[in-house]
Each structure stands twice: as structure tokens, then as C-alpha cells.
Amino acid sequence: MVLFLLLIIVAIVLGLIGAVVNGLLYLLIIGVIVLVADLVWFGARLGRRRGPGKRRLG
């Protein structure tokens, strides 16, 4: 969970720097890529935790 939050913070900082500083648009793009990769990783990790017997009905 700490890694997830750290990567979210890094993505936000890179995105802000890329959006504010002229000529550093590539940092914004890298920030978006890091954010998307982090969300995919978190979703895969969250999905792996669910076992077949742990699903709720209703």
C-alpha cells in the first residue's frame, strides 16, 4: 500500500511540473503513464486477493 501511495504522489508531482514548466510536457506524459500503471497494478493486486470462496452474494 505504501508503494501505491508513493507512486500516486510521484505521478502527481511529475504531472504538475510538466503542466506548469514550459517545455516539460514529457513529464506530464510520464506522470500520466505512472498513474495508469499504478492503478492497473493496484487493481490486479486487489483482484488477486479475492478467492473463490470470499465473494459476497447480494
Side-chain angles (χ1 to χ4, degrees):
M1 190 67 169
V2 174
L3 181 62
F4 173 74
L5 294 175
L6 180 68
L7 287 175
I8 292 289
I9 291 171
V10 167
I12 291 171
V13 169
L14 285 175
L16 286 174
I17 293 172
V20 172
V21 177
N22 191 16
L24 293 180
L25 184 63
Y26 66 92
L27 284 181
L28 177 62
I29 295 169
I30 291 172
V32 170
I33 291 171
V34 168
L35 179 66
V36 169
D38 190 35
L39 292 176
V40 168
W41 174 75
F42 184 69
R45 187 170 177 216
L46 187 65
R48 222 180 324 147
R49 284 188 182 176
R50 288 176 140 192
K54 294 183 181 179
R55 295 185 184 178
R56 294 185 192 178
L57 297 175

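These figures come from a predicted structure and were not determined experimentally. Along the sequence shown, residues are numbered consecutively beginning with 1. Keep in mind that the numbers below use all heavy atoms, side chains included, and drop hydrogens, waters and symmetry copies.
No continuous path of hydrophobic side-chain contacts links Leu7 to Ile33 [ILVMFWY only; heavy atoms under 4.5 Å]. In terms of hydrophobic clustering, with Ile, Leu, Val, Met, Phe, Trp and Tyr side chains grouped at heavy-atom distances under 4.5 Å, Val32 and Ile12 are assigned to different clusters. Following chains of ILVMFWY side-chain contacts shorter than 4.5 Å, one cannot reach Leu39 starting from Ile29, and the two form parts of different hydrophobic clusters. Val10 and Val36 are assigned to two separate hydrophobic clusters, defined by single-linkage of ILVMFWY side chains at heavy-atom distances under 4.5 Å. Clustering ILVMFWY residues whenever any of their side-chain heavy atoms sit less than 4.5 angstrom apart, transitively, puts Leu27 in the very cluster that holds Val21.
In this structure, the side chains of Leu35 and Ile8 come closer than 4.5 Å at one or more pairs of heavy atoms.
Closest approach of Val34 to Ala11, counting heavy atoms only: CG1-CB, 4.1 Å.
Note that CG of Leu16 and CG of Leu28 are 9.0 Å apart. Values are rounded to the nearest 0.5 Å. Atom CG of Asp38 and atom CG of Leu5 lie 8.5 Å apart (nearest 0.5 Å). Atom CG of residue Leu14 and atom CG of residue Leu24 lie 10.5 Å apart, to the nearest 0.5 angstrom.
Screening residues 5-46 for ring pair (Phe, Tyr, Trp, His ring centres under 6.0 Å), with sequence neighbours left out, gives Phe4-Phe42.
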